[in-house]
Every structure is written in C-alpha cells, then in structure tokens.
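Read through the structure below, which is laid out as structure tokens, and then see the notes.
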There are 2 protein chains.
Amino acid sequence: MSYTIKDVAKKANVSVATVSRILNNLPGYSEKTKEKVLRVIAEMGYQPNAIARGLINKKTKTLGVLLPAVSDTFASVVLSGIEDMAHDLDYSVMVCNTDKDGIRTMKYLQALREKQVDGIIFISEFFKDEYYNAITAMKLPIVLVSTKSPYDIPFIKVDDEKAVFDGVTYLLDRGHRSIGMIAGTKGDTIATLPRIEGYKKALKEQNIVFETKKVVYGDFGFDSGIAAAEELLEQNKDLTAIFCSSDEMAAGALSYLYRMSIRVPDEISLIGYDNTKVAEMAIPPLTTVGQPLYEMGKNSVRMLLELEEGKTESMIMPHKIAERETVKSIRK
Amino acid sequence: MSYTIKDVAKKANVSVATVSRILNNLPGYSEKTKEKVLRVIAEMGYQPNAIARGLINKKTKTLGVLLPAVSDTFASVVLSGIEDMAHDLDYSVMVCNTDKDGIRTMKYLQALREKQVDGIIFISEFFKDEYYNAITAMKLPIVLVSTKSPYDIPFIKVDDEKAVFDGVTYLLDRGHRSIGMIAGTKGDTIATLPRIEGYKKALKEQNIVFETKKVVYGDFGFDSGIAAAEELLEQNKDLTAIFCSSDEMAAGALSYLYRMSIRVPDEISLIGYDNTKVAEMAIPPLTTVGQPLYEMGKNSVRMLLELEEGKTESMIMPHKIAERETVKSIRK
DNA sequence: GTGAAAGCGCTAACAA
DNA sequence: TTGTTAGCGCTTTCAC
C-alpha cells in the first residue's frame, strides 16, 4: 500500500487539510509550510489517489470513447486526435470497441457510467435510440464524431453531400462523363444516402443523367471495395472513373483493377474518401476527398468539455481534395 | 445526481449492507429480500458507483495501455486484442499514446497510478530504466508486448531472430542469392539487431557472405521504406529480393519500385514483417512474416491478470509466413 | 437473515 | 495560516 495524504500530513506535522490545499493550489498556507510539505511529498514519493478524489468531486478526468473498431484506420486517427487533446487537458481516455454491436455498446455505456466518466465521444456509428435513452438517463455530456442523430446532440462531421459533390465535380471537370460510385452500406442514412445525393447533384449540374446501375454498395472495407469494383465494371463497360466512399474501398478497387490489368489512372480514374494513411500508401497514391480526422478528434474533446458549460453547437468541418495520382484528365 | 445505494436501501426498507450483499452476490439474505431489492434497483435504474467501490477494494477493473501511437496499424491490432479480452473479463482500458516520448510516457505512468489502474500493458517500445523504476515504485503488474527488458518483467513477443531467419530462408529457398534488408531503427536492440542477426544467420547457413551495404535502416514507417529502398537499390545493382522489417516499410519499398517501374515480384521480390492489414491491401498483396498481433494483445491481458496471482512467465508467440504475391522463385 | 457503524483517501466547510 | 470534521458511495466487520 502506498502512502496516503494522512501519512504526508503526519510526517510534515501539518493537517491533511493543509496538504490538500497545497496539492490543489488553494490559498491558505505559508510559503514555509508549502515548501516543507512539498519536500515531504517528494521524499515519500507520495501520489494522490484520484479515485478518492473522484468520489468527492464527482469528476474523474476521464472520457469514454466508443468506436466501431480501434484497428480501423479511420477511427484510429480520430482516436489519436482525441487522445492528444485529452492528454493536453489532463484527461484520460477509455476506449470501447463496440464492434458495431448494439448489445456490446449498451454494456459499455453502462460500464462507463459506473466508472463515472465525465463525458462520452461516439465515433462514426449509427446512433440508436436506445443509446440516446441510456445516455440521457445518465445525464452525461456526449458528442458525436462523423455521425449525427435526430436528437439535440452536438456532432462534428464534414458535409458529406458537399464533399462528394466536390469530389465528383473534380472528376467531371477533368472530362469524365461516365462515373461510377462505390457507396457505403446500403440504407445508411448518415454516410451513404447523403453521399449518393452529392453524387447525383454533381451529375445533374452538368446535365448527366443518373443511372442506378452506376452505384454499387459496399461496407467501407477493403474487401467490399474489391467486390464492388468488379460489379461496377461488369455492369458498366464505359466507365472512366469511380468515386469511392472510403479510402479502403478505393484500395480494394485498386487491387481489383490491378488484378484485371486495368491501369489506374490511364484506363480508369479513382477517387477515394477520408484521406487516411491508406490513400498515401496506395499504388498509385490515391487522390481522395480528405476529412480532417485528427482535428475532428481534437475538437470533439474540446467540445465535450465545453458542453459542461452549457454550450451545444455542432461543427461542420471543411473537407479538401488531396490530389495524388489516381485521376487523369481526359479530352473533352 | 444519480441514486445511491442508500436510496435503494431506503426504498426497499432494508439496510445498505443488505443491498451491497445482493449486489455482490454474497450470502446473507432471503430470496424474498433479494427479489424485492432487485426490483427496486430496476425501478430506480440504480447503478453502483465504481469509484466508491474502487476506493474500498483497491481495484478499479481498468488497465492502462501504453503504445507509441494508436493510429499505428501494428499497435492498433494489438490494442484491439487487448480491448476484446479486457471486455470479456469486465475490465476497461485506458489508452496512452506515448508518442515515443519519454516525458510523456512518465506523465502517463503517473496518471495511471493516480487513477489506480490494476495493471499496465506496454507495447512495442523501448522500455527505459526510468519506466522500470517508476513502475516498480508503484508496484503495479505490467507486461510487455512485442518488446522486452533486462528486468524480470514478463513479455510477449515472437522470436524475431528466428522469424527473420525463416523469412530470409524462404527467399533463399526460392533461389534468391542477393537479398537486401530494410532493417528497423539503427541501434534498436529489440526489433532491429536480433532481426539483422537472423538475416545474417540465414545467409550464413547457405554460405552466402554477408555484406554491410545490403542492409539499410529505416524507422518502421512507410516513408522510411521508400528512402531505404532507394538507397538499397543504388548500392546494390544485383538485388533480386528485399526483406523488410515491417509491412509499412515494405509498402514504402513497393511504392518506390512502382515509381521506378521495377516490377514486383518479376524483377524484385519483397517480403514484409507483421502481417498487418497493409500487407493484404498492398499491390501486389504482400508476402510477409506474420506475427499473431491480435492474439498477443489478448494474451497480454490474460497474463497481466494472472500476474496478480504470482505467475510470471513470458511467452514466445509463433510467427508464420503469409504467402501472397510479392515473392517469385528464380532459376537456381 | 439483517443492520449499525467504521472507514477507504480525499475535499471542503467551518472554526480557531 | 491552520486544523477539525463531516461526508463522497460503497464494503465489511461485528452484533443481534
């Protein structure tokens, strides 16, 4: 067992109150006692017990982060932003891998509550009603990253529709007329429908008719990108470009194209979404619509902490096309 | 403020002691009271406060994980194993991104201690003396993953020397005689020196003389792989294969070779290390020496928890070559 | 089978 | 400037 504040007090010949004051930088002691106490603390190697502290303050200085998978490139960058900002602000973060499983998510929500975290950040998943009910019941501040909800919960995300609109327009501006789309999970109202909407609008603005067979669904993952690319190419012989709703799916498409000996960008141009490390590492390097993932993570903790002060504004983050080597201009 | 055990007790007309017993499945109450109390708990939506509990038990059911970067593919897979196992065992995990920074690591160690975590898992970094001192001072169980130390601290890792030996031998067996190596950080005694040793031994066994100019250093990251490949190729015109000490560096090498229009595996064979997702997603898919990262993560928490019972055995995990498409057999 | 009460390590009145 | 003391929400003797 380690030393307690009592041990320090005794050894320094002061009361625990004084030690506590010194520890918390509260007024009420002489320079002399402060020095003495600090010396004793150093000598003993005393460290305050944050659990005891938390019991009183009702503050644990820890945040809970719920995400679909820590090993997911996308989420892990957001997490890294969260972690950095939390560290700067002296908070700790508990990671909870939901596996996109509702039961597991609920279990975590309960655990986080029991452990009295000061707030929750929820990344990139569909925010179910039951989560909402649980969270409001526990009256914890929460912010959504890269997703949103019908409730009055602040979120941070990019404007998906606009982002895809810009991406597709980028292709259009380079002479592409027959553009396929590898969309996200079918029916996903957050990250799929609005993006398809953006795709449609971009086409429409240049008077190109939308064709259903040009959009194919995946699940944001690599393998689904392979399958989707195959389907797309079989259904559309005239494609000159593909817009992919995630870098991983773009990597899958790239992989499929490579296997088919279809050269990128010479025969087919490709554009991804997210601008994660996989875009950089792709061969050839992937042009992609970038989201400021790291910044979004950082902002989410800032926002979460401000929430305690009553603010509650969502944030639309800017997207930006990262130009690399998978898009070719073709003669118009 | 939520309900406390007191509220439950009052409403159920029993003492807090009884409620506590029921909550903890201790003996000492009738079926009838149990039912009543449970009903009241459900009605009120009462949840025990783990902080208060932790103050008494000196157990928080939370683990601290220190890793160089959460967004690192390698570490994030280990983390995901840790997270899964922890979840199964009803533990939470706090992630600490050390950024490979000693000061930051020490800060985290202190925070983890103050927050009374039950144990620490330290992933893939060099384990400094000062960490050791801090940790032994706080008498916390700790296990090292993918690294080791001169101290009596249990670790989980693969046999790096043997793994590289096998990887290089794999190349040798396929007729390659002039094999370059992209090693890790220069001077790293854990993940670089032993691997170079394995490389040397494999060559030696087939009577090939080792040449210094055939090994080049990186830092395990993508960019360093690009630079290393370039250096290697300039220094060695006859290379037919390259062994890379991480998949990311292999991806970098792949990228460089692509830019130089050197075909893989036709002109140069490549083999990576780790078998992370980047190996699967590479073009062409990367043959690599795989480490069971996820399993290592899982085992680390099991081991950590057993440590409390006094056990202290390290674990060497099996490696296995994942054969994909970057290695070609050449005529002998 | 059940309850009263002490106390985990700390903070925050309230006194002095 | 400093100390005493009452809790924070819970577990755990010890009585009954």
Side-chain angles (χ1 to χ4, degrees), chain A residues 1-38 40-41 44-62 110-118 138-139, chain B residues 1-38 40-41 44-62 110-118 138-139:
Chain A
M1 260 271 309
S2 316
Y3 293 116
T4 72
I5 198 174
K6 240 182 194 158
D7 301 318
V8 174
K10 197 175 299 172
K11 192 147 179 214
N13 275 312
V14 294
S15 70
V16 293
T18 299
V19 178
S20 174
R21 287 187 193 103
I22 293 172
L23 246 23
N24 294 289
N25 271 309
L26 296 175
Y29 44 83
S30 68
E31 251 325 292
K32 204 184 279 179
T33 25
K34 175 175 178 178
E35 270 170 34
K36 183 176 57 185
V37 169
L38 254 22
V40 170
I41 285 177
M44 306 177 79
Y46 163 77
Q47 309 242 164
N49 181 329
I51 296 297
R53 211 174 240 176
L55 189 55
I56 299 181
N57 305 332
K58 273 104 181 56
K59 286 266 163 288
T60 51
K61 286 267 187 184
T62 112
Q110 180 171 335
L112 289 175
R113 192 260 177 84
E114 289 189 4
K115 292 193 176 160
Q116 316 290 129
V117 298
D118 296 339
M138 53 209 245
K139 292 190 291 207
Chain B
M1 258 271 309
S2 317
Y3 294 116
T4 72
I5 197 173
K6 239 183 197 157
D7 301 318
V8 174
K10 198 173 300 171
K11 193 149 178 209
N13 276 313
V14 294
S15 70
V16 294
T18 299
V19 178
S20 174
R21 287 189 192 101
I22 293 172
L23 246 22
N24 295 287
N25 270 310
L26 296 175
Y29 45 82
S30 67
E31 254 321 295
K32 202 184 283 181
T33 23
K34 177 175 177 180
E35 270 169 35
K36 182 176 57 182
V37 169
L38 253 22
V40 170
I41 286 178
M44 307 177 77
Y46 164 76
Q47 308 244 162
N49 181 327
I51 295 297
R53 212 172 240 179
L55 188 55
I56 298 183
N57 305 332
K58 273 105 179 58
K59 287 267 162 287
T60 50
K61 286 268 187 182
T62 113
Q110 180 171 334
L112 290 175
R113 194 262 175 83
E114 291 189 3
K115 292 192 176 161
Q116 316 290 128
V117 297
D118 296 339
M138 53 209 242
K139 293 190 287 208

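The structure presented is a predicted model; accordingly, all values stated were derived computationally and were not measured. Worth knowing before you read on, the calculation uses all heavy atoms, side chains too, and leaves out hydrogens, waters and symmetry mates.
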Starting from the 5' end of DNA chain D, give me the residue, Ile51(B) or Thr33(A), whose nearest nucleotide shows up first.
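This one resolves to Thr33(A).
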Find the distance [X]:[atom1] to [N]:[atom2] and express it as a whole number of Å.
| X | N | atom1 | atom2 | result |
| --- | --- | --- | --- | --- |
| Ile22(A) | dA12(C) | CD1 | P | 15 Å |
| Lys58(B) | dG9(D) | NZ | C1' | 14 Å |
| Lys10(A) | dC10(C) | NZ | P | 13 Å |
| Leu55(B) | dG7(D) | CG | P | 17 Å |
| Arg113(A) | dG9(D) | CZ | P | 12 Å |
| Glu114(B) | dC8(C) | CD | P | 20 Å |

Is it true that a side-chain atom of Asn49(A) and a backbone atom of Ile51(A) form a donor plus acceptor pair closer than 3.5 Å?
yes
Can you name the side-chain contact (heavy atoms from CB on, under 4.5 Å) partners of Ala111(A), sequence neighbours left out?
none
With side chains defined as the heavy atoms from C-beta onward, is the minimum distance between Val8(A) and Met44(A) less than 4.5 Å?
yes
Do the non-hydrogen side-chain atoms of Leu23(A) and Arg53(A) ever get within less than 4.5 Å of each other?
yes
So Asn13(A), base contact, sugar-phosphate only, or nothing? Heavy-atom distance under 4.0 Å.
sugar-phosphate
Tell me, please, which residues at least two apart from Arg113(B) pass side-chain hydrogen bond (donor to acceptor under 3.5 Å, both in side chains).
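Scan of Arg113(B) (side-chain hydrogen bond (donor to acceptor under 3.5 Å, both in side chains), adjacent residues dropped) gives Ser2(A).
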Can you build the contact string for nucleotides 10-16 of chain D? Use B for base contact, S for sugar-phosphate-only contact, and - for no protein heavy atom under 4.0 Å.
BBBB---
Within 6.0 Å of NZ in Lys10(A), more than 12 heavy atoms from elsewhere
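Atom NZ in Lys10(A) is not crowded, with 12 or fewer foreign heavy atoms closer than 6.0 Å.
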Side-chain N or O of Lys34(A) closer than 4.0 Å to phosphate OP1/OP2 of dT1(D):
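No, because none of the side-chain N or O atoms of Lys34(A) sits under 4.0 Å from OP1 or OP2 of dT1(D).
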